[in-house]
Amino acid sequence: MNWALVRKLLVALALLSLGSCSLGSCGSSTVAVPEGVAFRVEQARQDLQGRNIEMQVVNRSKSPISVLSARFTSGRFDGSAKFRGPATIPDGATTNLTFAMPKTRCGKGIDMTATVRYQVGAGKVRTSVVRPKDHYRSVGLAMSRDCAESTFKTLVIDRKFTTFGKGRDSVLEVGMTFTPKPGGGRVRLGPLDGTTLLKPAEGTGSGVDLVLAPGAKPYRVGLRIIPNRCDVHVVAEDRTGAIMPLHVESKASGKAFFYLRFTEQQRNQIFDFVAAHCGFGVTKDPLLAP
């Protein structure tokens, strides 16, 4: 069976019914978006640690707009996503409405449709179906990371990390276990990129460079990392410092990457290590710099 064709037919059938009560409330029939109003999606930098993305509403309609709800579907989504309002966007304003993105499959483009229920001024509730533009192509990149991460079965990061050495000579070892998928092609993992906060330590075994063979036993990796810098700015600003990009190459994903993510307990170990490595809390503490 041609599953790609089946998915396209299902999406087409869904679009035919979007003007109904699919959001749980029957507003007016589907209408065109008012002149001067645009909808686009993006993933802001502060959302890179999670799975949130934003629908950005640009209002140049000369009236305030109240978004009551929005439902997002995509041929690449596992399920759908919803924004629940209300949220009012004044005339001349641009507002981000945040929602959680479902896991996505490999594919091309974002293939996204948004069914939006809203009011213009004090007018009647109306429904519009839009295909939001991928602002800065950031949502497509988020989907690409999902695709890259789906090329292997599981990744388990050790709960407890190990520190070797002291002071500026210390390194933190993060144990990781990759389990290949039973079928499919070979997957190359590596290299690992640094961030504003962290980078792989120099020397043998500091990074990731391995090939996952289909159906093989789990692969164990000891990643050794050190702080990228020891200054107040890099430590205080940690939106993306503790998520590290790991490159992937496979037939399904092409050349892509995904983020190594850590739990709060793991992140606390990383920050404790950074503080000890950099000498925070001692004489000439960089955190006390003017």
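The first residue of the sequence shown is numbered 1, and numbering continues consecutively from there.
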Query raised in the report: Has the side chain of D209 got a donor or acceptor atom that lies under 3.5 Å from a matching backbone atom of G190?
Result: no
Report task. Report yes or no: does D272 contribute a side-chain atom to a donor-acceptor pair with the main-chain N or O of A276 at less than 3.5 Å? Result -> no
Requested in this report: Check whether any side-chain heavy atom of R145 lies under 4.5 Å from a side-chain heavy atom of L48, and answer yes or no.
Outcome: yes
**Report entry** Main-chain N/O of Q43 paired to S138 side chain as donor or acceptor, under 3.5 Å
**Finding:** yes
Query raised in the report: Quick one: does T195's side chain get under 4.5 Å of P245's, heavy atoms only?
Result: yes
Report task. Kindly determine whether R71 and R117 satisfy side-chain contact (heavy atoms from CB on, under 4.5 Å), including the steps that lead there. Result -> CA-CA 9 Å; R71 180 173 179 266; R117 293 182 64 249; over 6 Å; no
Requested in this report: Please name the pair of heavy atoms, one in Q266 and one in D158, separated by the smallest distance, quoted to 0.1 Å.
Outcome: NE2-O, 2.9 Å
Query raised in the report: Hey, mind stepping through M55 and F83 against side-chain contact (heavy atoms from CB on, under 4.5 Å) and telling me if it holds?
Result: CA-CA 9 Å; M55 179 175 71; F83 167 80; 5.6 Å; no
Query raised in the report: Just wondering, do K160 and Q269 contact through their side chains at under 4.5 Å, heavy atoms?
Result: yes
Query - R188 side chain to V248 backbone, donor-acceptor under 3.5 Å - result: no
Report task. Indicate, with yes or no, if the rings of F161 and F273 have centres closer together than 6.0 Å. Result -> no
Query raised in the report: Hey, quick one: are F39 and M112 part of the same hydrophobic cluster, counting side-chain heavy atoms closer than 4.5 Å, chains of contacts allowed?
Result: yes
Query - Student check: side-chain heavy atoms of T115 and T127 closer than 4.5 Å - result: yes
Query raised in the report: Got a salt bridge between R105 and D146, using NZ or NE/NH1/NH2 to carboxylate O under 4.0 Å?
Result: no
Query raised in the report: So S69 and R84, side-chain hydrogen bond (donor to acceptor under 3.5 Å, both in side chains) or not? Walk me through it.
Result: CA-CA 5 Å; S69 60; R84 301 186 186 278; over 6 Å; no
Query raised in the report: Where is the tightest heavy-atom contact between S170 and I226, given as atom of each residue plus distance?
Result: O-CG2, 3.6 Å
Query raised in the report: Taking C-beta and beyond as the side chain, do Q49 and R267 meet within less than 4.5 Å on heavy atoms?
Result: yes
Report task. Check whether more than 12 heavy atoms from other residues, nucleotides or ligands sit under 6.0 Å from atom CZ of R137, and answer yes or no. Result -> no
Report task. Kindly write out the residues that satisfy side chain to side chain donor-acceptor pair (under 3.5 Å) with T95, not counting sequence neighbours, or none if the list is empty. Result -> none
**Report entry** Minimum heavy-atom distance L246-P191, with the two atoms named
**Finding:** CD1-O, 3.8 Å
Query raised in the report: Near K251 NZ, under 6.0 Å, is it more than 12 heavy atoms from other residues, nucleotides or ligands?
Result: no
Query raised in the report: Quick check: does any side chain N or O of R131 sit under 3.5 Å from a backbone N or O of T113, one acting as donor and the other as acceptor?
Result: no
Query - Residue of the set I225, L155, V174 for which side-chain contact (heavy atoms from CB on, under 4.5 Å) holds with L260 - result: L155
Requested in this report: Look at the side-chain heavy atoms of Ile, Leu, Val, Met, Phe, Trp and Tyr, link any pair under 4.5 Å apart, and say whether V129 and V58 land in one connected group.
Outcome: no
Query raised in the report: Taking the side chain as C-beta and beyond, is there a heavy-atom pair between I53 and F99 under 4.5 Å?
Result: yes
Query - Separation between CG of L189 and CE of M176, rounded to the nearest 0.5 Å - result: 9.0 Å
Query raised in the report: V57 pairs by side-chain contact (heavy atoms from CB on, under 4.5 Å) with which of V116, I89, T94?
Result: I89
Query - F280 vs V274, side-chain contact (heavy atoms from CB on, under 4.5 Å): CA-CA, chis, key distance, verdict - result: CA-CA 8 Å; F280 299 160; V274 171; 4.2 Å; yes
Query - Shortest non-hydrogen contact between A256 and S253, atoms and distance - result: CB-O, 4.1 Å
Query raised in the report: Taking all atoms of both residues into account, what is the closest heavy-atom pair of R159 and Q265, and its distance?
Result: O-OE1, 3.0 Å
Requested in this report: Evaluate the side-chain hydrogen bond (donor to acceptor under 3.5 Å, both in side chains) criterion for residues T88 and S66: first the C-alpha distance (whole Å), next the side-chain angles of each, then the deciding distance (0.1 Å), finally the verdict.
Outcome: CA-CA 4 Å; T88 300; S66 294; 3.1 Å; yes
Query - Distance (rounded to the nearest 0.5 Å) between T177 OG1 and R220 CZ - result: 4.0 Å
Query - R126 side chain to Y118 backbone, donor-acceptor under 3.5 Å - result: no
Query - Side-chain (R76) to main-chain (G109) donor-acceptor, under 3.5 angstrom - result: yes
Query raised in the report: Are there more than 12 heavy atoms of other residues, nucleotides or ligands under 6.0 Å from atom CD of E35?
Result: no
Requested in this report: Specify whether F258 and F152 have parallel, tilted or perpendicular ring planes, treating 30° as the upper limit for parallel and 60° as the lower limit for perpendicular.
Outcome: tilted
Query raised in the report: N52 side chain to T98 main-chain N or O, any donor-acceptor pair under 3.5 Å?
Result: no
Query - Between CD on residue E173 and OG1 on residue T163, distance to nearest 0.5 Å - result: 10.0 Å
Query raised in the report: Which word best sums up how the rings of Y259 and F257 line up, parallel for under 30°, tilted for 30 to 60°, or perpendicular for over 60°?
Result: perpendicular
Query - Sidechain-backbone polar pair: Y219 side chain, V211 backbone, donor-acceptor under 3.5 Å - result: yes
Query raised in the report: Is there a path of hydrophobic side-chain contacts, each under 4.5 Å between heavy atoms of I, L, V, M, F, W or Y residues, that connects V208 with L197?
Result: yes
Query - Atom of T104, atom of M143 and distance for their closest heavy-atom approach - result: OG1-CA, 3.5 Å
Query - Short side-chain to backbone donor-acceptor contact, S74 and I110, under 3.5 Å - result: yes
Report task. Could you state whether F271 and V171 fall into the same hydrophobic cluster, counting links through intermediate Ile, Leu, Val, Met, Phe, Trp or Tyr residues with side-chain heavy atoms under 4.5 angstrom apart? Result -> no
**Report entry** Stepwise side-chain contact (heavy atoms from CB on, under 4.5 Å) check, V31 with S128
**Finding:** CA-CA 5 Å; V31 297; S128 292; 3.8 Å; yes
Requested in this report: Answer whether the closest heavy-atom distance between the side chains of L172 and L198 falls below 4.5 Å.
Outcome: no
Query raised in the report: For F164, does the CZ atom sit with more than 12 other heavy atoms under 6.0 Å from it, leaving out its own atoms?
Result: yes
Query raised in the report: Nearest 0.5 Å, what's the CG-CZ distance between L212 and F178?
Result: 7.0 Å
Query raised in the report: Would you call K181 and T151 a side-chain contact if the rule is heavy atoms closer than 4.5 Å?
Result: no
Query raised in the report: Could you give the distance from CG (D78) to NZ (K103), rounded to the nearest 0.5 Å?
Result: 9.5 Å
Query raised in the report: If Ile, Leu, Val, Met, Phe, Trp and Tyr residues are connected whenever their side-chain heavy atoms lie under 4.5 Å apart, and connections chain through other members, are I157 and L210 in the same group?
Result: yes
